[in-house]
Amino acid sequence: MEDPMIVVLFQAAVKSGLFSTVCRYNMRGAGNSKAKWTKASLDPLFDPHMDDFIAVCQHLLSGGPSPPTTLFVAGYSYGACVAASGIEYVPAVAGYVGIGFPLGGAANLALRSRQHWAHLADTQIPKLVVHGTRDKYGALTTLREFAAQYHAAEPEPGPLDLAVIDGADHFFAGLWDEVAQKTLAWIGKRAEQLQAGGA
(Lines give C-alpha, C1' and ligand atoms only; values in the text may rest on other atoms or scores of the structure.)
Protein backbone atom coordinates (compact mmCIF):
# COMPACT_ATOMS: atom_id res chain seq x y z
CA MET A 1 0.00 0.00 0.00
CA GLU A 2 2.98 2.29 0.49
CA ASP A 3 4.51 1.48 -2.90
CA PRO A 4 5.28 4.83 -4.60
CA MET A 5 3.15 3.91 -7.62
CA ILE A 6 0.13 3.25 -5.41
CA VAL A 7 0.71 6.32 -3.24
CA VAL A 8 1.02 8.72 -6.19
CA LEU A 9 -2.02 7.28 -7.96
CA PHE A 10 -4.10 7.37 -4.77
CA GLN A 11 -3.18 10.99 -4.03
CA ALA A 12 -3.82 12.05 -7.63
CA ALA A 13 -7.19 10.28 -7.62
CA VAL A 14 -8.23 12.08 -4.42
CA LYS A 15 -7.19 15.46 -5.86
CA SER A 16 -8.85 14.82 -9.24
CA GLY A 17 -12.41 15.29 -7.99
CA LEU A 18 -13.54 12.41 -10.21
CA PHE A 19 -14.54 10.17 -7.34
CA SER A 20 -16.82 10.34 -4.30
CA THR A 21 -14.62 7.71 -2.60
CA VAL A 22 -11.04 6.57 -3.22
CA CYS A 23 -9.72 3.40 -1.59
CA ARG A 24 -6.48 1.45 -1.49
CA TYR A 25 -5.81 -1.68 0.53
CA ASN A 26 -3.00 -4.05 1.43
CA MET A 27 -3.05 -7.41 -0.28
CA ARG A 28 -2.41 -10.46 1.85
CA GLY A 29 1.10 -10.52 3.25
CA ALA A 30 1.83 -6.87 2.36
CA GLY A 31 2.34 -3.97 4.74
CA ASN A 32 0.23 -4.30 7.89
CA SER A 33 -1.90 -7.12 6.53
CA LYS A 34 -2.30 -9.82 9.16
CA ALA A 35 -3.00 -12.51 6.55
CA LYS A 36 -0.25 -14.43 4.79
CA TRP A 37 0.30 -14.24 1.04
CA THR A 38 -0.89 -17.36 -0.71
CA LYS A 39 -0.15 -18.50 -4.24
CA ALA A 40 -2.99 -17.79 -6.62
CA SER A 41 -5.50 -20.59 -6.91
CA LEU A 42 -6.15 -22.29 -10.22
CA ASP A 43 -9.83 -21.74 -9.49
CA PRO A 44 -10.66 -18.04 -9.07
CA LEU A 45 -13.69 -18.93 -6.95
CA PHE A 46 -11.31 -20.27 -4.29
CA ASP A 47 -8.67 -17.55 -4.46
CA PRO A 48 -8.40 -15.63 -1.16
CA HIS A 49 -6.94 -12.61 -2.98
CA MET A 50 -10.07 -12.43 -5.11
CA ASP A 51 -12.24 -12.85 -2.03
CA ASP A 52 -10.49 -9.81 -0.55
CA PHE A 53 -10.91 -7.78 -3.75
CA ILE A 54 -14.63 -8.57 -3.94
CA ALA A 55 -15.09 -7.82 -0.24
CA VAL A 56 -13.43 -4.40 -0.61
CA CYS A 57 -15.68 -3.58 -3.59
CA GLN A 58 -18.80 -4.69 -1.71
CA HIS A 59 -17.75 -2.63 1.31
CA LEU A 60 -17.37 0.48 -0.85
CA LEU A 61 -20.74 -0.07 -2.50
CA SER A 62 -22.56 -0.48 0.81
CA GLY A 63 -20.76 1.98 3.08
CA GLY A 64 -21.47 5.55 4.10
CA PRO A 65 -24.53 7.74 3.73
CA SER A 66 -24.33 7.86 -0.09
CA PRO A 67 -22.23 4.97 -1.39
CA PRO A 68 -21.13 4.96 -5.03
CA THR A 69 -23.20 3.04 -7.55
CA THR A 70 -20.30 2.44 -9.94
CA LEU A 71 -16.64 1.67 -9.42
CA PHE A 72 -13.48 2.16 -11.43
CA VAL A 73 -10.79 -0.24 -10.27
CA ALA A 74 -7.04 0.00 -10.79
CA GLY A 75 -4.52 -2.64 -9.84
CA TYR A 76 -0.75 -2.58 -9.99
CA SER A 77 1.41 -5.64 -10.77
CA TYR A 78 -0.19 -8.66 -9.06
CA GLY A 79 -3.05 -6.38 -8.01
CA ALA A 80 -3.78 -5.94 -11.73
CA CYS A 81 -4.05 -9.73 -12.01
CA VAL A 82 -6.41 -10.09 -9.07
CA ALA A 83 -8.64 -7.26 -10.27
CA ALA A 84 -8.70 -8.75 -13.78
CA SER A 85 -10.16 -11.95 -12.41
CA GLY A 86 -12.43 -10.22 -9.90
CA ILE A 87 -14.24 -7.62 -11.99
CA GLU A 88 -16.67 -10.12 -13.50
CA TYR A 89 -18.02 -10.76 -9.98
CA VAL A 90 -18.66 -7.07 -9.25
CA PRO A 91 -21.30 -5.80 -11.70
CA ALA A 92 -20.88 -2.22 -10.47
CA VAL A 93 -17.38 -1.99 -12.00
CA ALA A 94 -17.54 0.44 -14.93
CA GLY A 95 -13.86 0.43 -15.87
CA TYR A 96 -10.62 -1.45 -15.19
CA VAL A 97 -7.02 -0.24 -15.21
CA GLY A 98 -4.11 -2.68 -15.01
CA ILE A 99 -0.73 -1.08 -14.34
CA GLY A 100 2.38 -3.16 -15.04
CA PHE A 101 0.49 -6.39 -15.75
CA PRO A 102 3.21 -9.06 -15.23
CA LEU A 103 2.79 -11.31 -18.28
CA GLY A 104 6.40 -12.51 -18.52
CA GLY A 105 7.25 -16.19 -18.30
CA ALA A 106 8.73 -16.19 -14.77
CA ALA A 107 5.97 -13.90 -13.48
CA ASN A 108 3.38 -16.20 -14.99
CA LEU A 109 4.90 -19.23 -13.26
CA ALA A 110 4.84 -17.46 -9.89
CA LEU A 111 1.52 -15.64 -10.21
CA ARG A 112 -0.47 -17.45 -12.92
CA SER A 113 -0.80 -14.00 -14.45
CA ARG A 114 -1.77 -15.24 -17.91
CA GLN A 115 -4.79 -17.04 -16.47
CA HIS A 116 -5.81 -13.79 -14.79
CA TRP A 117 -5.33 -11.93 -18.09
CA ALA A 118 -7.68 -14.36 -19.84
CA HIS A 119 -10.49 -13.26 -17.49
CA LEU A 120 -10.33 -9.73 -18.89
CA ALA A 121 -12.26 -10.99 -21.93
CA ASP A 122 -15.12 -12.16 -19.68
CA THR A 123 -16.62 -8.68 -19.33
CA GLN A 124 -17.78 -5.93 -21.64
CA ILE A 125 -16.44 -3.11 -19.47
CA PRO A 126 -13.75 -0.81 -20.90
CA LYS A 127 -10.18 -1.59 -19.89
CA LEU A 128 -6.85 0.22 -19.91
CA VAL A 129 -3.44 -1.39 -19.46
CA VAL A 130 -0.51 0.91 -18.62
CA HIS A 131 2.91 -0.60 -19.33
CA GLY A 132 6.54 0.45 -19.41
CA THR A 133 8.87 -0.15 -22.34
CA ARG A 134 11.50 -1.64 -19.99
CA ASP A 135 9.31 -3.88 -17.81
CA LYS A 136 11.36 -7.00 -17.02
CA TYR A 137 8.29 -8.86 -15.72
CA GLY A 138 6.56 -8.66 -19.07
CA ALA A 139 7.99 -7.33 -22.30
CA LEU A 140 5.89 -4.84 -24.24
CA THR A 141 5.92 -7.23 -27.21
CA THR A 142 4.37 -9.93 -24.99
CA LEU A 143 1.69 -7.51 -23.82
CA ARG A 144 0.88 -6.58 -27.41
CA GLU A 145 0.53 -10.29 -28.32
CA PHE A 146 -1.91 -10.84 -25.45
CA ALA A 147 -3.81 -7.68 -26.37
CA ALA A 148 -4.20 -9.00 -29.93
CA GLN A 149 -5.59 -12.28 -28.54
CA TYR A 150 -7.98 -10.28 -26.36
CA HIS A 151 -9.28 -8.33 -29.36
CA ALA A 152 -9.79 -11.59 -31.29
CA ALA A 153 -11.85 -13.20 -28.50
CA GLU A 154 -15.42 -14.36 -29.14
CA PRO A 155 -17.83 -13.05 -28.09
CA GLU A 156 -16.19 -9.69 -28.54
CA PRO A 157 -15.09 -8.28 -25.16
CA GLY A 158 -15.20 -4.63 -24.17
CA PRO A 159 -12.64 -2.12 -25.46
CA LEU A 160 -9.02 -2.50 -24.35
CA ASP A 161 -6.66 0.47 -24.57
CA LEU A 162 -2.89 0.43 -24.05
CA ALA A 163 -0.91 3.32 -22.60
CA VAL A 164 2.84 2.92 -23.02
CA ILE A 165 5.23 4.74 -20.68
CA ASP A 166 8.51 5.23 -22.53
CA GLY A 167 11.59 4.24 -20.51
CA ALA A 168 9.60 2.87 -17.57
CA ASP A 169 10.50 -0.35 -15.81
CA HIS A 170 8.01 -2.46 -13.84
CA PHE A 171 8.20 -0.05 -10.91
CA PHE A 172 7.72 3.12 -13.03
CA ALA A 173 10.50 4.77 -11.01
CA GLY A 174 10.27 8.54 -11.34
CA LEU A 175 7.40 8.25 -13.81
CA TRP A 176 4.57 7.73 -11.32
CA ASP A 177 2.96 11.09 -12.11
CA GLU A 178 2.78 10.22 -15.81
CA VAL A 179 1.10 6.90 -15.02
CA ALA A 180 -1.39 8.64 -12.73
CA GLN A 181 -2.12 11.30 -15.35
CA LYS A 182 -2.77 8.75 -18.11
CA THR A 183 -4.88 6.60 -15.80
CA LEU A 184 -7.06 9.45 -14.54
CA ALA A 185 -7.46 10.99 -18.00
CA TRP A 186 -8.74 7.64 -19.27
CA ILE A 187 -11.10 7.20 -16.30
CA GLY A 188 -12.35 10.76 -16.69
CA LYS A 189 -13.20 10.11 -20.35
CA ARG A 190 -14.94 6.85 -19.49
CA ALA A 191 -16.91 8.51 -16.68
CA GLU A 192 -18.12 11.20 -19.11
CA GLN A 193 -19.24 8.52 -21.57
CA LEU A 194 -21.02 6.67 -18.78
CA GLN A 195 -22.89 9.82 -17.74
CA ALA A 196 -23.82 10.48 -21.36
CA GLY A 197 -25.15 6.93 -21.67
CA GLY A 198 -22.47 5.74 -24.10
CA ALA A 199 -19.92 2.95 -23.93
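Because the structure is predicted, anything quoted here is derived from the model rather than measured.
Every residue two or more places apart in sequence or in another chain that forms a side-chain contact (heavy atoms from CB on, under 4.5 Å) with Val22 is listed here: Phe10, Ala13, Val14, Phe19. In this structure, the side-chain contact (heavy atoms from CB on, under 4.5 Å) partners of Ala191, at least two apart in sequence or on a different chain, are Phe72. Every residue two or more places apart in sequence or in another chain was checked for a side-chain contact (heavy atoms from CB on, under 4.5 Å) with Ala118, and none qualifies.
When all heavy atoms of Val82 and His49 are compared, the closest pair comes out as CG1-O, 3.5 Å. Closest approach of Leu9 and Ala74 over heavy atoms only: CD2-CB, 4.2 Å. Closest heavy-atom contact between His119 and Ser85: CD2-OG, 3.4 Å. A pairwise comparison of heavy atoms in Asn108 and Gln115 identifies OD1-N, 4.4 Å as the closest pair. Between Ile165 and Phe172, the shortest heavy-atom contact is CG1-CE2, 4.0 Å. Of all non-hydrogen atoms in Gly86 and Ile54, the two that sit nearest each other are O-CG1, 4.5 Å.
The distance from the CG atom of Leu162 to the CG atom of Leu143 is 5.0 Å, given to the nearest 0.5 Å. Taking CE from Met50 and CD from Glu88, the interatomic distance works out to 7.0 Å, rounded to the nearest 0.5 Å. Annotation: the span from Asp51 atom CG to Gln58 atom CD amounts to 9.5 Å, rounded to 0.5 Å. Taken to the nearest 0.5 Å, the OG atom of Ser16 stands 5.0 Å off from the CG atom of Leu184.
Summarising the local packing, CD of Gln149 is surrounded by more than 12 heavy atoms from other residues, nucleotides or ligands at distances under 6.0 Å. The number of heavy atoms from other shown groups lying within 6.0 Å of NE2 (His151) is above 12.
Counting heavy atoms from C-beta outward, Asn26 and Glu2 have side chains that stay 4.5 Å or more apart. Using a 4.5 Å heavy-atom threshold, the side chains of Val73 and Phe53 count as touching. Counting only heavy atoms from C-beta outward, the side chains of Pro102 and Tyr78 never approach each other to under 4.5 Å. The closest side-chain heavy-atom distance from Leu61 to Val90 is below 4.5 Å. Between Leu140 and Arg144, the closest side-chain pair of non-hydrogen atoms falls below 4.5 Å.
Side chain of Thr142 to backbone of Gly104: no donor-acceptor contact under 3.5 angstrom is found. The main-chain N or O of Ala80 is found under 3.5 Å from a side-chain atom of Tyr96 such that the two form a donor-acceptor pair. Proximity of a side-chain donor or acceptor of Gln124 to a complementary backbone N or O of Glu156 within less than 3.5 Å is detected.
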Show every donor-acceptor pair shorter than 3.5 Å between a side-chain atom in residues 64-71 and any protein atom, with sequence neighbours excluded, or say none if there are none.
none

Show which side-chain atoms of residues 126-134 pair as donor or acceptor with protein atoms under 3.5 Å away, not counting sequence neighbours.
{"residue": "Lys127", "atom": "NZ", "partner": "Leu120", "partner atom": "O", "Å": "3.1"}
{"residue": "Lys127", "atom": "NZ", "partner": "Thr123", "partner atom": "O", "Å": "3.0"}
{"residue": "Lys127", "atom": "NZ", "partner": "Thr123", "partner atom": "OG1", "Å": "3.1"}
{"residue": "Lys127", "atom": "NZ", "partner": "Ile125", "partner atom": "O", "Å": "2.7"}
{"residue": "Lys127", "atom": "NZ", "partner": "Tyr150", "partner atom": "OH", "Å": "3.0"}
{"residue": "His131", "atom": "NE2", "partner": "Gly138", "partner atom": "O", "Å": "2.6"}
{"residue": "Thr133", "atom": "OG1", "partner": "Gly167", "partner atom": "N", "Å": "2.7"}
{"residue": "Arg134", "atom": "NH1", "partner": "Gly167", "partner atom": "O", "Å": "3.0"}

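Within the structure, side-chain hydrogen bond (donor to acceptor under 3.5 Å, both in side chains) contacts touching residues 158-182 (residues at least two apart or in different chains) are Ser77-His170, Asp135-His170, Asp161-Trp186, Asp161-Arg190.
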